[in-house]
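These numbers come from the heavy atoms of this one structure, side chains and all, not from hydrogens, waters or symmetry mates. Sequence lines set the chain letters: A, B, ... in the order given, protein chains first and strands last, and positions in each chain run from 1.
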2 protein chains.
Amino acid sequence: MANGLTIGQAAAFVGVTIKTVRHYHRLGLVAEPERDGSGYRRYGSADLLRLIQARTLAGAGVPLAEVGDLLDADPERFAAALDDVHRRLTEQIEDLTARRDTLHRLDHGDRALLPDRACAILERLTDLGFCPDYVAVQREGLVLARALIPEIFESFLNHLEHSLADPEFIELTKRSWDARSWDPDDPRIVELASAVAANLLANRALQTMPTGFRNQSDAAARYGVVNHHREDQGPSIARLNALVEENLRAAGVHIPHQ
Amino acid sequence: MANGLTIGQAAAFVGVTIKTVRHYHRLGLVAEPERDGSGYRRYGSADLLRLIQARTLAGAGVPLAEVGDLLDADPERFAAALDDVHRRLTEQIEDLTARRDTLHRLDHGDRALLPDRACAILERLTDLGFCPDYVAVQREGLVLARALIPEIFESFLNHLEHSLADPEFIELTKRSWDARSWDPDDPRIVELASAVAANLLANRALQTMPTGFRNQSDAAARYGVVNHHREDQGPSIARLNALVEENLRAAGVHIPHQ
DNA sequence: ATTGACCTTGACCTTAGGTCAGGGTGCACG
DNA sequence: CGTGCACCCTGACCTAAGGTCAAGGTCAAT
């Protein structure tokens, strides 16, 4: 008398595969049902109930290792666990929703890496006639700055926004960019460096660096990485950088070494 | 000149673990960055951008094996893929929401297995004075019926609801339940069987079985399992069952064998 | 100079199943 | 009657997306 459902019927009923049912048996999460004469598992309604319960919990993200315990727990603990699961599901839903909404930022690379304000600055650079390569280097710098020195990233942006309103700064920056192709010993570099330093000192926006920041040598190292990042462009840029720093230090501005 | 972030800093920036970053390298999903003098990976902003993009797609559920391809794809294909991911996320969110809303049915077992209508019938049985054991067997039967013969489950419920309004049916059912403890050769069984058959014939609710259903031998077998399910209770029940079927067949009602 | 925090590779573990191999069962059809 | 087909059995291995452990190199600070 073949009483009860076969594993395939039971699996279809609870909406899982046969393999999943056997998996649950092996983990001891659902007891094996009786076998019929030919060794087939036969599922009665009690077995189906247990399967559905297990399936529902597992489907809600409860680790299988906990499902068995949970189903055997007293109603009080069980209810608490259900509440917990409900909470976790809600959390997960919110998480997914957020992910979905963030997805569109991938369309344009910058938006995934930088806040809107920084993107606006980069666009402004393009509008001001800076070449794409320069904008790319500048974007690199912003990304590094945000990653390495988040403490002062906001004031970094302030400084940039302020500077872009100054035609002299823009002119000097364009010249600095041209300096890439100069010989490192070109005398114009010395001249340019003092002009740049003077401009920076005139603005004094560098002072927005938070007090205390300068004392942490770790922070200084990170600042150094950002500050020397553009030196990748060539030896004359490195020299220009060094000279500007020298000028600033001579004027009493503290700049971490290395 | 240690230019760029170490793996730990990069991982922290994109919000994953170091292991995850290395995993992405091994899968070829994100190219390995330059190494510094001591063999440490050093991440520039281009690497960070790639990492963030990969992370965003992976976090949205895109299989890692596809992420690499996708990021290298032309913008058109990429946009299409993004749409696809967005759709999948929405689907997943709806799925989780549904799961969360179903979770409370686990509190009372029946509600996880049976629709509200069936649960109401079981409660009605209790109210009508049927003993808990009988209700349990009946619940088993309903679960099996729903799993095995969903085609006629609704009409099965119709039939039951209708029958429960008939005092004679209830009386006969109670007597049938008592028959568990009778001897299989008890003459009262013959008498009870013809009374039950007469009651069923009078109602003729059995006729709600959909045409065409009777012709499928598979369906017949499944129907048989459900119909003979209660015979677990004892040999006298089996005999009663057989006699009722015999009576019904004699009256011209088609009932599948086995 | 040694501690502690970080980095390197490689080998194995985990979760929730899926796949494959090798064989038995039950039923219908020619 | 045997042949095909759909279903069932076990057991061994595979998968994704990492995590853990081991054994060792680096770096900065105390």
Side-chain angles (χ1 to χ4, degrees), chain A residues 1-2 4-12 14-30 32-43 51 54-68 215-222 224-225 256-258, chain B residues 1-2 4-30 32-43 51 54-68 148 215-222 224-225 256-258:
Chain A
M1 160 131 359
L5 313 207
T6 68
I7 194 171
Q9 293 169 315
V14 308
V16 299
T17 70
I18 292 178
K19 269 299 170 184
T20 300
V21 175
R22 290 209 271 246
H23 192 54
Y24 289 0
H25 290 324
R26 212 172 16 170
L27 295 190
L29 198 154
V30 173
E32 295 260 359
E34 304 277 294
R35 309 285 183 127
D36 68 10
S38 33
Y40 289 11
R41 293 171 179 87
R42 290 295 179 165
Y43 295 82
L51 267 177
R55 176 65 218 153
T56 308
L57 288 179
V62 179
L64 296 193
E66 289 171 29
V67 168
N215 301 331
Q216 301 158 262
S217 70
D218 169 55
R222 290 178 281 137
V225 167
H257 274 277
Q258 258 298 328
Chain B
M1 161 131 2
L5 313 208
T6 68
I7 194 170
Q9 293 171 312
F13 181 53
V14 308
V16 299
T17 69
I18 292 178
K19 269 299 173 183
T20 301
V21 175
R22 290 209 271 247
H23 193 55
Y24 289 0
H25 289 325
R26 211 174 19 171
L27 295 190
L29 199 153
V30 173
E32 295 260 358
E34 304 278 294
R35 307 287 182 125
D36 67 11
S38 34
Y40 290 12
R41 295 172 179 87
R42 290 295 179 164
Y43 295 81
L51 267 178
R55 176 65 217 154
T56 306
L57 287 180
V62 179
L64 296 193
E66 288 170 31
V67 168
L148 283 172
N215 301 331
Q216 301 158 261
S217 68
D218 168 56
R222 290 179 281 139
V225 167
H257 274 277
Q258 260 297 333

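To the nearest 0.5 Å, the span separating NE2 on A/H23 from OG1 on A/T20 amounts to 8.0 Å. The distance from the CG atom of A/L57 to the CD atom of A/E66 is 10.0 Å, given to the nearest 0.5 Å.
D/dC9 atom C1' lies 11 Å from atom CG of A/D36, rounded to whole Å. Rounded to an integer number of Å, the gap from A/E66 CD to C/dT14 P is 16 Å. Residue B/R55 contributes atom CZ, which lies 10 Å from atom C1' of D/dG18 at whole-angstrom precision. Regarding B/E34, its CD atom lies at a distance of 18 Å from the P atom of C/dC7, rounded to whole Å. Counting to the nearest Å, the C1' atom of D/dG18 and the NE2 atom of B/H25 are 15 Å from each other. Between the CD1 atom of A/I7 and the C1' atom of C/dG24 there is a distance of 15 Å, rounded to whole Å.
A/A54 and A/V67 get closest at one heavy-atom pair: CA-CG1, 3.8 Å.
Picking from C/dC6, C/dG17, D/dC8 the nucleotide with the shortest atom distance to the side chain of A/I18 gives D/dC8. Side-chain proximity of B/P63 to C/dA16, C/dA11, D/dA17: nearest is D/dA17. Here D/dC9 is the nucleotide among D/dC9, D/dA17, C/dG17 with the atom lying nearest to any side-chain atom of A/R22. Nearest nucleotide to the side chain of B/K19, out of C/dA16, C/dC7, C/dG10: C/dG10. You'll find that the side chain of B/Y40 is closest to D/dG25, out of D/dG19, D/dG25, D/dC27. Distances were taken from every side-chain heavy atom of A/T6 (C-beta onward) to each of C/dT8, D/dC7, C/dG18; the shortest belongs to D/dC7. Taking every side-chain heavy atom of A/S38 into account, C/dG26 is the closest of D/dC9, C/dA16, C/dG26. Of the candidates C/dT9, D/dG18, C/dA16, C/dA16 carries the atom nearest the A/H23 side chain, counting heavy atoms from C-beta on.
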>> Apply side chain to side chain contact (heavy atoms under 4.5 Å, CB included) to residues B/I7 and B/Y40 and explain how you reach the verdict.
In response: CA-CA 8 Å; B/I7 194 170; B/Y40 290 12; over 6 Å; no

> Does the pair B/V21 and B/Y43 meet the rule for a side chain to side chain contact (heavy atoms under 4.5 Å, CB included), with working shown?
Replying inline: CA-CA 11 Å; B/V21 175; B/Y43 295 81; 3.4 Å; yes

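The phosphate of C/dT8 (OP1 or OP2) has a side-chain N or O of B/R41 nearer than 4.0 angstrom. Taking 4.0 angstrom as the limit, B/R35 places none of its side-chain polar atoms (N or O) nearer than this to OP1 or OP2 of D/dG25. Side-chain nitrogen and oxygen atoms of B/T17 include at least one within less than 4.0 Å of the OP1 or OP2 phosphate oxygen of D/dG19.
Taking for each of B/A58 and B/G37 the nucleotide of DNA chain D with the nearest heavy atom, the 5'-most of the two is the partner of B/A58. Each of A/A65 and B/Y43 has a nearest nucleotide on DNA chain C; the 5'-most of these lies closest to B/Y43.
Nucleic acid contact class of A/R26 (heavy atoms, under 4.0 Å, all strands): none. In this structure, B/L27 reaches neither bases nor backbone, as no heavy-atom distance under 4.0 Å exists between it and the strands shown.
Results of the salt bridge (Lys or Arg N to Asp or Glu O under 4.0 Å) test with A/E32 over A/R22, A/R26, A/R42, A/R41 single out A/R41 as the only residue that passes.
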